[in-house]
Amino acid sequence: MRQMSISTILIIILLLVSFVLRLSHIKEATEFFGDQGRTVIHVYDAWQAKTIPLVGPTVLSGQYLGPAYYFLIAPFLIMTRFDLVSGAYATVFYGLVGIVVAFLTFRLLFTSVVAIFLTMLWAFNPMGVASDRFLWEPNLVSVFAMMFILGVAVLFRTKKWLLGSVLLSLSTGILVQLHYPNLLFVPLSGVVIFIFWYIHRPRWFILIRIIGVWGLTFVIMILPFLYYELAHNFENLGSVITQFLQPTGLPMGKRQIVFNFIDYANRVMGRVSPVSLGIPIGAMSIIFLTTLWVLLKRDVFSILMFLSFVCGVGALSLYKGVVYDHYLYFLTPTAYIVIGHWIEVIGARQSIKPFVYIGLFVLCAISVYRSVGLVYTTPPRNDIGRVRAVVDVVKKELGNEAFSFGLAASPSFSDLHYRAGFKMARINAEKITGSDNHIVLVCESNVCPFIDHGDKIQTFCNEDHCKGDYPIVDLYKYKTRVVKIDDVIVLFGIQ
């Protein structure tokens, strides 16, 4: 009881420190580009129209995700009256939820000391801290993937089938709407339930109840998206499946698959370790074989976690397209579980245990040091300040005059961050292809095309998903004037 009280106190302190760290300088540091602006616009439009979003953001290939992401972010936008920084507050909140879920999971699986150390590594992981400080749907994947593992742990460790099945279906219902590779959690849920039934042999009515609870909760979680798919004959989901199964290019060689596996495994482990990893193929093979041997001596849950990690990395290794880092986020919690088992096995020998704990303490100290450095020494981005400054100057220059808006140069892929700023200020910024007498062009780069490259300017995307056809503005038709605001150039044109 005393040990549990100490653990609780440590976790509360950990949450407070993590909260301060994630929230420090967040207005200046958070990213706010087209993806973030799109989220603000869609939630705002749905709130104003009193409608329920049926779909979420689009992926790179154009298909819609589910609307769960909007539902998760909406309360923070609404409570702050759609302050542009409130999306970052939401990711901070879910980051803290992830810490609690991680601790509950680790506490079920490992000793209190190991659980505390692993939670510290999770809470102060520099990449995790960075992800928790800006709004983007993949940044929530690790939280709900860990919730899925918590559901598995509850099933196998406590045999509380009702709570375990609800956690499994709740997390799966959200995960499949955050990123399409997370569809793997649907069959994985079935495998988990079957293994639980096979090992513990509960009565048939218990198995039926588990499946029923899982299915009902899952359907409730995806109901708006399911309604959309039914109304469109599953055209969206069918397109995703077709794209995934359709062979493209030459068959992938075995050597390339092996190299992909090593690369992706290293990248997943890199999100766990605060120090750089560059594990060669031979060493990685020894690590995986030894880990499998270690886990075979433990229990089914441990083996299931390891095989989930291997199968997840293996499935992505077969993918011929570019595997971005966020494609691997769903595997991050599994890596922590595998490392936790390693720590307990190595630390089981009393002569080695002090050195294991010293090593963990050093890793945690490095994580804290790097996270603090990330937060307090990284130069401010000032994305939100830039958007607000442009909105203010446009409002001052044009008042209530109608105008067409375009973005001429930016690290963003679209101009939706500025459109979100205009919408929140009750300013109607039409598409640049409109027929208004006034135009406004913004340049976020030192090289501005309307200054350096003549009169015809190609502007950025102004839709949720563009297919490479971007509007071109002929400045020859306008009398122009340029205003400089810090690192932004704003061009006003009038016919």
Side-chain angles (χ1 to χ4, degrees), residues 98 101-102 105-106 108-110 114-115 118-119 121-122 125 127-128 138 141-153 155-157 168 171-172 175-176 178-179 181-192 194-196 257-273 277-319 323-346:
V101 172
T105 305
F106 299 148
L108 280 176
L109 301 177
F110 311 113
V114 173
L118 285 176
T119 307
L121 286 175
W122 176 280
N125 182 283
M127 293 184 182
V141 169
S142 295
V143 176
F144 293 99
M146 183 60 83
M147 185 180 292
F148 181 91
I149 295 178
L150 176 60
V152 180
L155 271 179
F156 282 88
R157 291 289 194 262
L168 286 178
S171 55
T172 302
L175 283 166
V176 298
L178 292 177
H179 204 213
N182 296 336
L183 285 169
L184 291 171
F185 282 91
V186 176
L188 183 57
S189 295
V191 171
V192 168
F194 174 78
I195 293 176
F196 173 77
I257 294 174
V258 171
F259 274 105
N260 286 348
F261 188 95
I262 302 300
D263 176 36
Y264 303 159
N266 269 330
R267 282 155 64 181
V268 173
M269 299 304 293
R271 285 190 65 85
V272 178
S273 172
L277 296 173
I279 304 175
I281 294 177
M284 181 64 80
S285 302
I286 294 172
I287 289 172
F288 274 104
L289 290 174
T290 308
T291 302
L292 182 58
W293 176 78
V294 167
L295 296 181
L296 283 172
K297 299 174 67 176
R298 293 180 66 84
D299 55 22
V300 173
F301 176 85
S302 307
I303 299 170
L304 181 62
M305 289 296 98
F306 176 72
L307 292 180
S308 298
F309 180 82
V310 172
C311 292
V313 175
L316 288 175
S317 300
L318 300 174
Y319 180 60
V323 174
Y324 299 97
D325 285 343
H326 66 270
Y327 288 14
L328 303 166
Y329 285 3
F330 74 98
L331 292 168
T332 304
T334 315
Y336 278 90
I337 304 301
V338 172
I339 290 173
H341 285 304
W342 256 104
I343 293 170
E344 286 212 327
V345 170
I346 297 173

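Just so you know, these numbers come straight off a predicted model, no measurement behind them.
- Sequence neighbours left out, the pairs with a member in residues 325-338 that pass salt bridge (Lys or Arg N to Asp or Glu O under 4.0 Å) are Arg267-Asp325.
- Listed by chain and number, the residues in a side chain to side chain contact (heavy atoms under 4.5 Å, CB included) with Pro138 are Trp136, His326, Tyr329 (sequence neighbours excluded).
- By the side chain to side chain contact (heavy atoms under 4.5 Å, CB included) test, Ala335 is found to be paired with Val268, Met269, Val272, Phe309, residues two or more places apart in sequence or in another chain being considered.
- Just one residue in the list Leu155, Thr105, Leu168 forms a side chain to side chain contact (heavy atoms under 4.5 Å, CB included) with Leu150, and that residue is Thr105.
- Looking at residues two or more places apart in sequence or on another chain, you find a side chain to side chain contact (heavy atoms under 4.5 Å, CB included) between Leu184 and Phe330.
- Side-chain contact between Asn260 and Leu318: absent, with no pair of heavy atoms (C-beta onward) separated by less than 4.5 Å.
- For the atom pair Leu316 CG and Leu331 CG, the distance stands at 6.5 Å (nearest 0.5 Å).
- Between Tyr336 and Thr332, some side-chain heavy-atom pair lies under the 4.5 Å cut-off.
- For Leu183, the side chain to side chain contact (heavy atoms under 4.5 Å, CB included) partners at least two apart in sequence or on another chain are Val176, Tyr180, Leu237.
- With sequence neighbours left out, the ring pair (Phe, Tyr, Trp, His ring centres under 6.0 Å) criterion links Phe106 to no other residue.
- With sequence neighbours left out, the side-chain hydrogen bond (donor to acceptor under 3.5 Å, both in side chains) criterion links Ser189 to Thr172, Trp214.
- With sequence neighbours excluded, the residues that form a ring pair (Phe, Tyr, Trp, His ring centres under 6.0 Å) with Tyr327 are His179, Tyr324.
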